[in-house]
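Below is one structure, written out as structure tokens, with a few remarks after it.
Basis for what follows: all heavy atoms, side chains included, without hydrogens, waters or symmetry-related copies. Lettering follows sequence order; numbering is per chain, from 1.
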Amino acid sequence: MESYNFKAIEKKWQDKWEEEGIFHAETSSPKEKFFAMIEFPYPSGAGLHVGHPRSYTALDIVARKRRMQGYNVLYPIGWDAFGLPTENFAIKNKVHPKIITAKNIANFTRQLKMLGFSFDWSREVNTTDPNYYKWTQWIFLQLFKKGLAYKQEMPINWCTGCKVGLSNEEVVNGVCERCGSEVVQRRKSQWMLKITEYAQRLIDDLDEVDYLEKVKIQQRNWIGRSEGAEVTFELSTGDEMVVYTTRCDTLFGATYVVLSPEHELVEKMKDSITNYDEVLEYKAQAARKSEFERTELAKDKTGVRLMGVTAKNPANGEDLPVFISDYVLVTYGTGAIMAVPAHDSRDWDFAKKFNLPIIEVVSGGENVQEAAYTDVYKGEMVNSGFLNGLPVKEAIPTMINWLEEQGKGKRKVNYKLRDWVFSRQRYWGEPIPLVNCPKCGWVAIPESELPLELPELETFEPGENGESPLAKAYDWIETTCPCCGGRAQRETDTMPQWAGSSWYYLRYMDPHNDEAFASKEALSYWSPVDWYNGGMEHTTLHLLYSRFWHKVLYDIGAVPTKEPYMKRTSHGMILGEDNQKMSKSRGNVVNPDEVVDEFGADAFRTYEMFIGAFDQTTPWSQKGLKGCYKFLERVWNLQSIVNDDDGYSADLEKAMHKTIKKVSDDIERMKFNTAIATLMSLVNDFSKKGSVTKGEYKTFITLLNPFAPHMTEELWLTYGDGGYLSIAEWPKYDEAKTVDDEIEIVVQINGKVKDKMMVSANIDKEGLEQTALNSERIKGLTEGKTVVKVIAIPKRLVNIVVK
RNA sequence: GCGGAUGUGGCGGAAUUGGCAGACGCGCCAGACUUAGGAUCUGGUGUCUACGACGUGGGGGUUCAAGUCCCUUCAUCCGCACCA
């Protein structure tokens, strides 16, 4: 027996698998299909991080197991390759992003291949390939044609130093990450996608998919449906101010109203506002903060009273002061609120700071002068005119009905979800395939002209005044209107990185199709993705955007299912050995290349799965990795004690069946760490016994194959049934043989374990009770005491309650 | 502030339904083999005032029985668009 030479073995089998194409998925097969997918990586210059393979290995294990169970498995890979870091590198080093991307992809490919994933490399996709983004643009045009894309003025982060627009990521503590200059909010016309039109369906259809519950909760909370009312306040200027509230029952407790600083009424009323200078100054100050900063600075409420303006409370006719404050966002509801400090803690903070009255209208709390009472489910109305005495739950509909009768308000469902800002003033993204014609307005380019390729540029810096770099491609911009044939200009903004990743699973189904993003046959065969694993950080943006696009495609009959992904699971992060996030600056980054070089891909994969609970964050440990390597080496060395018996030995038969069951179940439940623990225990059993039958060894290496595919494939040559283990049959177990005939039962006295005994597994309650009471030890311990009660649970325990 | 999680030995973690807390691995201790070991093998390893008691962040509760259910509280991590 040769010693375990992972270097030779791993290379050998990776080459063979590729030559034979054994992981290629065929689109027509009588077998049941199984489409497993991981979030395709952004090919960064830093290369693969040990976090990536956690997800890839997990679904590789599932894919490999399902393949062995006879499924027609599609496990694809691709590149989400548009993006900022590449663009910034390009700007700095004056290299085309295309070149950097190709280089990074080559490196990632090498690293992924070195880990032995069973990807179907023939279906590789790349979002920056014009043959791919042709269809990203095509889908955008379908949205545009359906009226789901529109232009709107939206704030962008503007660096006052670099004179360019910045992404949120590039803004650190309100200053530009690169030059340190102050960042302010500037308004710019942007393409928006109406995801809000799909808000209700995005909530409702969650019932039809098998996502982790926490993922569903996060999506629902992000969409944030609320039922409330719009209430109209008459202003002393004669204008009407509409507020949105979910607590219209508290209207009698409103003691002031607040407009967001950007609210259009503020400017409209400027002649009536006697302190308009102060108002303008506050607006400028608010514009300096991003929404996120407004959030962070939440504790200290700021605002300015609009002097000379009051609002009439529609419930009791009282005149209320009007404020502007940045804690009210123009993007949610109507951008205006009625403030009820007694029953909303933000309003309470504000009222305290500005010395505004706090009127209790819901009883049941402590003194509302000390803290807001916000419980919706308890209490009844007080100081509230016709609502007095009603519980809150009844007061809400009563008030809405009254408002509707009086014409002062109406029922309204609101969503937190906002439309998707789809424009980026960047080079390295898909060009938006629209032209602006002075006569016809925004016009889609003909589909026959797709892909609209990115123009070649010398430099990739953003343009003047926050324009896209494409604004410098003068020849490219100038075009003719597809509608009237007149002079027109192309849109120079590009799409966000989310665009390409919103539909890539569809391209995997038929990646080389020139006629359509995928054929009807491929779509109907492979849809939907059966199992999609990814990070929790993509739960609210990517996953939601992707579901939205899919539903639009469903509505135009382009895809056969309502939902793209049947099942969604999530992995935890891997931290450095110091329990900190891995980062270059901390110097705690683990490089997969080095790990594979020293211990091999099989040990790396096994450790990635053994490291801890799959969905939990957990630190890397070099010692733990070594433990997994030792385990594989022990498996390899078992060869010296394998005998010729093709079956299972009598004393290990039950253990074999139990292990098959446990490993099979654990893989499906993503309990990879306990699956490995079970396999380790079986190796301990083999070692202790000093011999293994060939039959046992064969089953063992088959179960281990998804985790350590190379080593087991090599062992299969000697101990297997011929062919490739990767496509051999997954072991079956006999349920009857996973159950013990005799089991150990614990006997407790008053809940403390006092004795253990072996009993037949199918002994009934009475028999169990008698056996326990007849035990000499128990007899001794209960002597002289009164047995109050005996709880006997077959297959579990006996608890004797004594006094 | 809001939303989502997590908290179990020296460490990573295990415990399908409320039923023996600590599987498996690391580390540590002892032994074997060895010229040698950061190799390999064997055994041991929750804590303590140890024939017993205590132990799953803290406090309370439900139960014959709680890591698991309920209330409360603390700490840490992640996300965020102050969502009215």
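Within residues 672-680 of chain A, the residues that place at least one heavy atom under 4.0 Å from RNA chain B are, in residue-number order, A/Asn673, A/Thr674, A/Ala677, A/Met680.
Glycosidic conformation of B/A81: anti, with the torsion beyond 90° of 0. In this structure B/G9 sits in the syn conformation; its chi angle is within 90° of 0.
Taking atom P on both nucleotides, B/G7 is separated from B/A84 by 30 Å, rounded to a whole Å. Separation of the C1' atoms belonging to B/U47 and B/U34 is 37 Å when rounded to the nearest angstrom. Nucleotides B/A5 and B/C69 have their P atoms positioned 13 Å apart, rounded to a whole Å. Spacing of P atoms, B/U73 relative to B/C26, comes out at 42 Å, to the nearest Å. Using atom C1' as the reference point in both B/G9 and B/C29, the two lie 16 Å apart (nearest Å). Nucleotides B/A15 and B/A66 place their C1' atoms 13 Å apart, quoted to the nearest Å. For the P atoms, the distance from B/A50 to B/U40 is 39 Å, rounded to whole Å. Separation of the P atoms belonging to B/C11 and B/U17 is 27 Å when rounded to the nearest angstrom.
Put simply, CD on A/Glu537 is 14 Å from C1' on B/C80, counting in whole angstrom units. Taking atom NZ on A/Lys785 and atom P on B/C64, their separation rounds to 19 Å, with Å as the unit. For the pair A/Gln580 CD and B/C77 P, the computed distance is 9 Å after rounding to whole Å. As rounded to whole Å, 11 Å separates atom C1' of B/G38 from atom CZ of A/Phe599. Counting to the nearest Å, the C1' atom of B/A15 and the CG atom of A/Asp666 are 12 Å from each other. Spacing between atom CZ of A/Arg669 and atom C1' of B/A15 amounts to 11 Å, rounded to whole angstrom units. Between the NZ atom of A/Lys752 and the C1' atom of B/U63 there is a distance of 15 Å, given to the nearest Å. Rounded to whole angstrom, the span from the CG atom of A/Leu797 across to the C1' atom of B/G18 amounts to 11 Å.
Using a 4.0 Å cut-off between charged nitrogen and carboxylate oxygen, A/Lys688 and A/Asp685 do not count as a salt-bridge pair. At a threshold of 4.0 Å, the pair A/Arg411-A/Glu227 does not count as salt-bridged, since none of the basic side-chain nitrogens sits closer than that to a carboxylate oxygen. The pair A/Glu230-A/Lys410 meets the salt-bridge criterion, since a charged nitrogen lies less than 4.0 angstrom from a carboxylate oxygen.
Counting any heavy atom pair closer than 4.0 Å across all strands shown, A/Arg634 reaches sugar-phosphate atoms only and no base atom. Residue-level contact check: A/Thr246 touches the backbone only, with heavy atoms under 4.0 Å from sugar-phosphate atoms and none from bases. Contacts of A/Ile611 with the nucleic acid, taken as non-hydrogen atoms under 4.0 Å apart, involve only primed sugar atoms and P, OP1 or OP2. Contacts of A/Lys623 with the nucleic acid, taken as non-hydrogen atoms under 4.0 Å apart, involve only primed sugar atoms and P, OP1 or OP2. Among the atoms of the strands shown, none is found under 4.0 Å from any heavy atom of A/Ile745.
Here the side chain of A/Gln770 pairs no donor or acceptor atom with the backbone of A/Gly767 at under 3.5 angstrom. A/Asn637 places a side-chain N or O within donor-acceptor distance of the main-chain N or O of A/Glu633, the cut-off being under 3.5 Å. Between the side chain of A/Asn588 and the backbone N or O of A/Ser583, at least one donor-acceptor pair lies under 3.5 Å. Using a distance-only test at 3.5 Å, with no hydrogens or angles considered, no donor-acceptor pair links the side chain of A/Tyr629 to the main chain of A/Glu598.
Of the candidates B/A15, B/G12, B/C20, the closest approach to any side-chain atom of A/Glu744 belongs to B/C20. Nearest nucleotide to the A/Val746 side chain, out of B/C20, B/G79, B/G19: B/C20. The side chain of A/Phe610 sits closest to B/G12 out of B/C26, B/C80, B/G12. Here the side chain of A/Arg418 is nearest to one of B/C83, B/U16, B/G19, namely B/C83. The side chain of A/Ser681 approaches B/C24 more closely than any other nucleotide in the set B/C24, B/A21, B/C83. Taking only side-chain atoms of A/Ala613, from C-beta outward, the nucleotide of B/C20, B/A14, B/G3 with the closest atom is B/A14.
Contact record, A/Ile800 with A/Leu773: CD1-CD2, 3.9 Å, taken as the closest heavy-atom pair. Annotation for A/Ile358 and A/Lys352: closest pair CD1-CE, 3.8 Å, computed over non-hydrogen atoms.
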For nucleotides 5-8 of chain B, list the nitrogen or oxygen atoms of the protein found under 3.5 Å from its nitrogen or oxygen atoms, one pair per line.
none

Protein and nucleotides 28-30 of chain B: nitrogen or oxygen contacts under 3.5 angstrom:
none

Is there any protein nitrogen or oxygen under 3.5 Å from a nitrogen or oxygen in nucleotides 65-73 of chain B, and what are the pairs?
none

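The side chain of A/Arg346 contributes an N or O atom lying less than 4.0 Å from OP1 or OP2 of B/C83. The shortest distance between the side-chain N/O atoms of A/Lys216 and the OP1/OP2 oxygens of B/G4 is not below 4.0 Å. Distances shown here put a side-chain N or O of A/Asn684 below 4.0 Å from the OP1 or OP2 atom of B/G25.
Side-chain atoms of A/Asp615 and A/Ser570 include no donor-acceptor pair closer than 3.5 Å. Inspection of the A/Ser687 and A/Arg634 side chains reveals an N or O donor paired with an N or O acceptor under 3.5 Å. Side chain to side chain, A/Ser226 and A/Asn414 fail the donor-acceptor criterion of an N or O pair below 3.5 Å.
Nucleotide B/C24 forms a pair with B/G12, judged by Watson-Crick or G-U wobble geometry with both contacts under 3.5 Å. Summarising the base pairing, B/U47 is matched to B/A53 through a Watson-Crick or G-U wobble pair whose two defining distances lie under 3.5 Å. Pairing of B/C77, defined by two Watson-Crick or G-U wobble distances under 3.5 Å, is identified with B/G4. Remark: B/U34 base-pairs with no nucleotide; criterion is Watson-Crick or G-U wobble with both hydrogen-bond distances under 3.5 Å. With both pairing distances under 3.5 Å, B/C64 is matched to B/G19 as a Watson-Crick or G-U wobble pair.
Ring to ring, A/Trp498 and A/Phe422 are not that close: their centroids are 6.0 angstrom or more apart. You'll find the ring centres of A/Phe604 and A/Phe599 outside the 6.0 Å limit. A distance of 6.0 Å or more separates the ring centres of A/Phe354 and A/Tyr256. The aromatic ring centres of A/Phe350 and A/Tyr327 sit less than 6.0 Å apart.
A search for salt bridge (charged side-chain N to carboxylate O under 4.0 Å, His left out) contacts involving A/Arg586 returns nothing, not counting sequence neighbours.
Side-chain atoms of A/Lys756 come within donor-acceptor range of the base of B/C20, with a qualifying N/O pair under 3.5 Å.
Projected onto RNA chain B by closest heavy-atom contact, A/Lys671 and A/Lys626 fall at different nucleotides, the more 5' of which corresponds to A/Lys671.
The list of side chain to side chain donor-acceptor pair (under 3.5 Å) pairs with a residue in residues 211-222 of chain A, not counting sequence neighbours, reads A/Gln219-A/Arg547.
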